[in-house]
Structure formats: structure tokens, C-alpha cells
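Heads up, the thing below is written out as C-alpha cells.
Order of the sequence lines sets the chain letters (A, B, ...), proteins ahead of strands, with each chain counted from 1.
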Number of protein chains: 2
Amino acid sequence: MKRKITLKQIAKELDVSISTVSKALSNSKEISEDTTQKIQAFAKLYNYRPNNIALSLKNRKTKTIGILIPEIVHHFFSTVIRGIELVANNRGYNVIVGLSNESFTKEIINMEMLANGSIDGFILSISKETLLKQDYHHFHATINQGMPIVLFDRVVNEVKCDKVVVDDFKGSVKAVNKLISTGCKNIALITTMDYVSVGRLRTQGYLEALQEHKMHADSNLILKIDDSLDVEDQLDNLENEVENFFKVNKKIDGVFAVNELYAVTAMKVVRKLGLHIPNDVQVIGFTDGVLSKHARPSLTTVSQHGQKIGEKAADLLIDRLERDELEEADYIEESDRNEHFKTVVIETALIERDSTK
Amino acid sequence: MKRKITLKQIAKELDVSISTVSKALSNSKEISEDTTQKIQAFAKLYNYRPNNIALSLKNRKTKTIGILIPEIVHHFFSTVIRGIELVANNRGYNVIVGLSNESFTKEIINMEMLANGSIDGFILSISKETLLKQDYHHFHATINQGMPIVLFDRVVNEVKCDKVVVDDFKGSVKAVNKLISTGCKNIALITTMDYVSVGRLRTQGYLEALQEHKMHADSNLILKIDDSLDVEDQLDNLENEVENFFKVNKKIDGVFAVNELYAVTAMKVVRKLGLHIPNDVQVIGFTDGVLSKHARPSLTTVSQHGQKIGEKAADLLIDRLERDELEEADYIEESDRNEHFKTVVIETALIERDSTK
DNA sequence: TTGTAGGCGTTATCAT
DNA sequence: ATGATAACGCCTACAA
């Protein structure tokens with residue numbers, strides 16, 4: 001078991017100086033043909049690779065991106081990671097992943113761990129608890145230290161940084177329009193509590209679509225699920241809640257759910273009540289996950305393009321990192337670079353399957 | 001935008017030496033009460049945190065674990081990551097994720113990137129292409145450099161390291177026994193090509209269960225799917241293949257599928273052919289994913305406990321890392337430590353749902 | 001009680 | 001053409 005070889009060892013073996021080795025390996029023309037050959041051969045033989053950590057320390061940058069998400073066992077977040085990883089790797093970056101598990105404290109701890117030199121910048125989606133507390137000081141602190149952040153999906157105006165979101169509002173309008181155009185008169189909305197930004201926006205889209213068609217928005221038809229402490233075991237709970245909702249509102253003939261789980265649960269309940277999908281009740285869900293394709297009937301969804309979100313977020317972050325690097329040299333006014341942050345909107349698409357007519 | 005503060009800067013500001021600051025911050029009793037107070041107050045004010053990279057370089061260890069998996073958009077792998085992250089964080093480690101995307105080359109590139117100092121050890125599951133090529137030199141190289149590896153799920157005898165697997169064989173026996181005991185006479189197996197170790201083991205379990213019950217193993221009842229280049233779009237293809245299989249073998253009354261997708265597809269096809277589940281055909285799938293719970297009827301599965309696998313793998317790796325550290329000091333014979341590697345077997349559980357009687 | 005110096009592995013600048 | 005030195009940020013054995 002021989003440890004990885006270093007410049008120093010090569011230098012000693014070949015009886016030259018460390019800097020000669022370093023130069024030879026980077027093909028510097030300062031070094032003679034002969035020694036270069038010799039050194040490169042030796043290095044290859046021993047499979048020399050420069051130590052990333054030493055390079056990071058020297059260059060004051062790590063070439064790695066920190067991802068911080070609320071939960072990884074979640075199709076949407078997985079696809080985002082895949083997108084990030086894809087472009088990060090292509091552009092020479094690594095990816096380090098932290099999970100907040102929807103907890104404010106864990107979010108902070110994780111950020112602190114990573115912010116101390118391990119990464120060059122963050123791509124993150126805010127935990128529910130943080131959104132609830134509306135305490136964003138850790139994001140401000142990180143940004144103030146000169147570490148860029150890109151927020152995705154669950155974003156917040158208070159944090160000044162680049163953002164990538166899907167068109168929650170328009171996507172919801174699209175979905176509800178579809179339900180209206182196929183004859184639904186009483187469209188229910190199953191959503192989360194308002195503090196999750198995407199929940200709020202999707203609710204607004206729902207209301208907007210109704211209004212456009214001069215349909216009355218009946219608050220009884222809106223079910224807000226409190227999943228602030230959502231655990232797997234709460235599945236039954238969810239089903240009961242949805243079932244009660246449907247029993248009280250028997251006239252429902254269309255459902256728009258802000259996520260896949262709610263949509264699938266609604267379908268399950270509807271069937272249990274002896275109704276037919278899509279003839280009696282049509283269902284559309286936001287989020288295009290695995291369940292949608294394989295549900296019976298397959299679920300019409302508003303696709304979020306998670307991978308695209310990830311790719312875009314990574315591009316935004318790396319662009320900024322490399323721009324900052326240039327500007328560091330050229331001494332550009334801070335105000336000139338920190339002011340204009342982009343918010344990229346990824347278009348949603350309505351994927352029509354069998355839960356709608 | 002003020003950069004993160006360093007010991008050096010604190011030292012200059014307070015007009016003391018760097019080492020004094022360092023000692024004061026670690027509460028060394030070498031330093032006087034007064035200066036300690038002063039320094040700690042200042043450090044707190046400026047929110048001083050030691051730079052991880054510098055620590056890594058100095059200590060020659062990074063306190064981060066490299067995870068390398070074939071695919072992240074996959075419930076099983078996500079749960080494994082969650083498990084790893086859980087114990088890693090508890091034990092003071094970070095987690096850096098690489099995706100091989102089932103490609104041999106990408107696996108190698110990723111390993112090289114990470115092995116050059118970025119991490120202390122690997123937890124990985126081998127890509128399909130690598131299994132097909134049976135070329136494991138990159139694993140050997142990594143291990144030889146003194147970087148420990150823990151293999152999970154898709155493991156291979158040729159690589160000498162700690163391993164975490166589920167009891168594929170026994171789990172399959174359990175599943176097929178269940179089918180037999182509920183009256184199935186012609187049990188089909190839907191599996192992958194043999195080079196994926198888990199596929200092979202699950203097939204063996206299937207055969208064993210049949211044999212135990214003196215049932216004839218009909219090779220016509222075994223469908224091997226070649227998913228070496230499995231892409232999402234091949235879904236239709238899969239469905240067709242399974243459909244043909246069922247059309248040719250009309251007597252099938254039980255199905256054991258080595259993964260969730262195959263199981264769900266089988267259910268879809270069975271229904272399409274006008275048969276009832278579980279009355280006409282019973283189905284069991286290996287892997288406990290999201291689909292199983294929400295499928296209709298819900299799918300009986302052999303649960304893999306992905307999170308537990310991840311937790312165990314992380315514990316094994318960190319145990320070894322910390323043991324190595326001790327032994328480095330005590331100069332223990334290499335042979336003494338490298339010889340005995342553990343293979344931990346996580347027990348599977350049969351989760352009975354509605355696709356079986 | 002405080003400070004100096006060396007080293008972790010690398011590269012860049014400046015001698016020789 | 002080659003080598004010595006400093007620096008990235010931190011820690012620690014050893015001096016003062």
C-alpha cells in the first residue's frame with residue numbers, strides 16, 4: 001500500500017528540485033527536453049496526480065459546488081441533482097451534497113460546514129422550516145462572505161441572488177384551463193400551506209384561471225394540507241383528510257393538486273368513492289414524477305423539468321464564479337457586480353395522460 | 001463583501017502572533033486568561049471558522065466521503081444516500097456525490113477526480129458497464145493507494161473490501177415461497193442479464209425455491225431483459241417484451257420480478273390481457289420503491305432497506321478510516337489490517353400488499 | 001506566556 | 001536550464 005506520490009518524492013527520486021518537476025509536468029519550456037521526458041515518464045509510471053486539496057488551498061478555490069436540498073428521496077430533487085452534476089462535471093466541477101431534511105437548524109449547520117472553504121458556491125432549495133420562520137440570516141451571511149448562492153424552486157425575494165424557478169403560476173393556469181375546457185364546473189385545489197412559495201403561486205394560478213373564465217372560486221373547494229412535519233407514516237392521515245374533503249364536496253368534477261402525491265391520493269380516494277376517472281372526475285397534478293406514468297389511470301401532469309432546472313442553476317453559478325474570478329483581477333466596483341441578479345424561469349409543459357379527457 | 005477572516009488577520013489586528021491566536025482559540029492553557037478572552041471575543045465578532053481546506057491539507061484527511069452511484073434518479077439509490085448522509089453527518093463527515101451513469105469511463109473519471117485528495121474513502125455501487133467488462137483495475141488502484149472502498153448492492157468478489165449487500169438469495173426464496181404457498185403453479189421470473197450480480201443471485205433464489213418444492217423450473221418462464229442501455233424511452237419496449245412473454249406463456253399464475261419497474265410493467269400487461277390480480281396472477285417485486293405503495297393493486301415487495309444499507313456502509317467506512325488512523329501511529333503490520341474484510345448482509349423483508357393472496 | 005519555524009502539496013516569482 | 005523561496009491557512013514542537 002503505497003500512498004499517492006507527490007512532487008517532493010519525484011524530485012528526490014530523480015534528484016532534481018521540486019520546482020523543476022512541477023514545471024516539467026506542466027510542459028514548461030523552461031525545462032530541457034531531456035529532463036522533461038525523464039520526469040514525465042517517471043510521473044506516469046507512478047501515476048502522479050496533483051493533490052486537489054493543495055491546489056484548492058493555493059488557488060483559493062475548490063472547483064466544487066455545494067448542493068443543499070430538503071430531501072433526496074424525492075424524484076424532483078433527484079432530477080435536479082442529476083442536472084447540476086451533469087453540467088458541473090462538464091465544466092470541471094465536483095458536487096457535494098447536503099440534506100437539510102426540511103430543518104432550519106440542519107440547514108444552517110450544513111451551510112456552515114460547507115462554507116468554510118469546502119466549496120466555491122451553493123445551489124440550494126430552502127427548507128420548509130426556514131420558510132416558516134422566515135429567517136434568512138444564514139443566506140445573507142454566506143453571500144456577504146463572498147460566496148454566491150443560486151436558489152431554485154423554493155425561492156424567496158428577501159435573498160438577493162440568482163434564482164431558477166418553474167413557471168408555477170402559468171403552469172397552474174394551464175392546468176386549470178385544461179380542466180375547464182374539458183367541462184369541469186367544480187374544480188378542487190389540493191395544496192400546501194401558503195408559506196411554501198410554490199404552493200402559494202400555484203394557488204394563485206388556480207384562482208386566476210377560474211377568474212379568467214368568470215367562475216366563482218369557492219373556498220370550500222380548496223384543501224390546504226399541513227405537511228410541515230410530513231413523514232412517510234402520515235400517508236394514511238393524508239388519505240383520510242382527502243377522503244373527508246371529497247365526502248363533504250360531492251360536486252367536485254375536477255382536481256388540481258400541487259404535487260404528485262396529493263394527485264395520486266386524490267385519485268385513490270375518488271375511485272374508492274365509486275367515481276370514474278376521467279369521466280366523473282378529472283385530475284391533474286403538478287410535478288412529473290415516477291408515479292404519474294405508472295398510476296392507473298396514468299396522471300396528467302404539469303412537468304417541472306427538474307433536470308433542466310439543475311442544469312440552469314449550475315450554469316448560473318459557474319458563470320458567476322468565473323466572472324467573479326475575472327473581476328477580482330480587474331478590480332471592478334462591487335456595486336457593479338452584485339446588483340443585477342437573474343431569475344430564470346423554466347417553462348412548464350402540460351403532459352396529457354389518461355386522468356383527463 | 002468581506003472575505004472570511006483568517007488566523008493571520010486576527011493576529012495582525014490584535015498584534016499577537018498567529019500561533020497565539022491558534023492556541024487561544026483552542027483554549028490552550030499556555031495562553032493567559034486575558035489574551036484568550038480578547039482573542040476569542042474578536043474571533044466571535046468576526047465569526048471566525050477554521051478553513052476546512054487548510055485543515056485537510058495539514059491533517060492529510062478531508063473528513064469527507066465520496067459516493068459513486070450509477071444513477072441518482074432511482075429511489076433505491078436515493079435512500080442509500082440518505083442513509084450514508086445521516087451517519088456521515090453524525091460522525092462529522094461530509095458527503096460528495098458522483099454519478100457514473102452506468103458508464104465505465106465516467107466511473108473511472110469520477111474516481112480519479114475524487115481520489116486525488118478530495119475524499120478519505122469511497123462508498124460505491126458498480127456500474128453495469130463495468131460489471132459487463134469485468135474490469136476492476138480502477139478499484140484495485142484506489143485501494144492500493146490506501147483509500148478504502150465500501151461496495152454496496154452491486155458487489156463483486158474480485159474487489160477486496162468491505163461490502164454491504166441485501167440478502168438477494170434468501171429474499172428471492174422468500175418471495176417465491178410465498179407465491180408457491182398461495183397456490184401458484186407456474187411462476188414466471190422477470191430478471192436482468194446475469195452480469196448484474198443481484199440479478200444472478202435473485203435468479204438463483206427463484207430456482208432454489210422451486211427446487212425445494214420439487215417444482216420444475218421451466219426456462220420458458222424466465223424472461224431476461226437486456227437493459228444494458230436502459231433509457232427512459234425504452235419503457236414501451238419493455239412493455240412489449242413483457243406482453244409477448246405473457247402471450248406465449250398463458251399458464252403463468254405467479255410473477256416474481258427482480259425490480260419494481262418490471263413488476264409494475266408485468267401488472268400492467270396482466271391487466272391488459274384481462275386477467276385479475278391477485279386472483280388469476282399474483283405478483284411480487286424486489287425493491288421497495290414509491291411505485292409499489294401506490295400501484296393498483298398495491299404491490300407485494302421484498303424490501304431492500306436502502307437507508308439501512310447506506311447507514312451500514314457509512315459506518316463500515318468510517319470505522320475503517322478511524323482504525324487506520326490509529327494504526328498509522330502504532331505501526332501495525334499491513335497484512336494484519338488488510339486481510340479481513342467484512343461483508344454485511346442486510347436482511348430483506350417481505351411486505352405483503354394486494355398483489356398477492 | 002508568547003513567538004518562531006516547519007510542514008502539509010502546489011505553483012509562481014525571482015534568483016542563479 | 002534549474003533551483004530556492006514564498007505563499008495559500010492551519011497546527012504544533014520547540015525556543016525564548
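For the atom pair Y136(B) OH and L151(B) CG, the distance stands at 9.5 Å (nearest 0.5 Å).
The residue among I31(B) and K58(B) whose nearest nucleotide of DNA chain C lies closer to the 5′ end is I31(B). Of the residues near DNA chain C, E30(A) and I5(A), the one whose nearest nucleotide (by heavy atom distance) lies more toward the 5' end is I5(A).
The residue T35(B) sits close only to the backbone: its heavy atoms come under 4.0 Å of sugar-phosphate atoms, none of a base. Base contact: S22(B) has a heavy atom under 4.0 Å from a base atom. Counting any heavy atom pair closer than 4.0 Å across all strands shown, S32(A) reaches sugar-phosphate atoms only and no base atom. Residue K4(A) is out of contact with every strand shown, counting any heavy-atom pair closer than 4.0 Å.
Side-chain nitrogen and oxygen atoms of T20(B) include none within less than 4.0 Å of the OP1 or OP2 phosphate oxygen of dT1(C).
Here the C1' atom of nucleotide dG9(D) and the CD1 atom of I53(A) are 13 Å apart, to the nearest Å. Rounded to whole Å, the distance from CG on N59(A) to P on dA12(C) is 8 Å. Rounded to a whole Å, the NZ atom of K23(B) is 10 Å from the C1' atom of dC11(D).
Here the shortest heavy-atom pairing between K106(A) and L99(A) reads NZ-O, 3.1 Å.
Checking side-chain atoms of E107(A) against main-chain N and O of T130(A) turns up no donor-acceptor pair under 3.5 Å.
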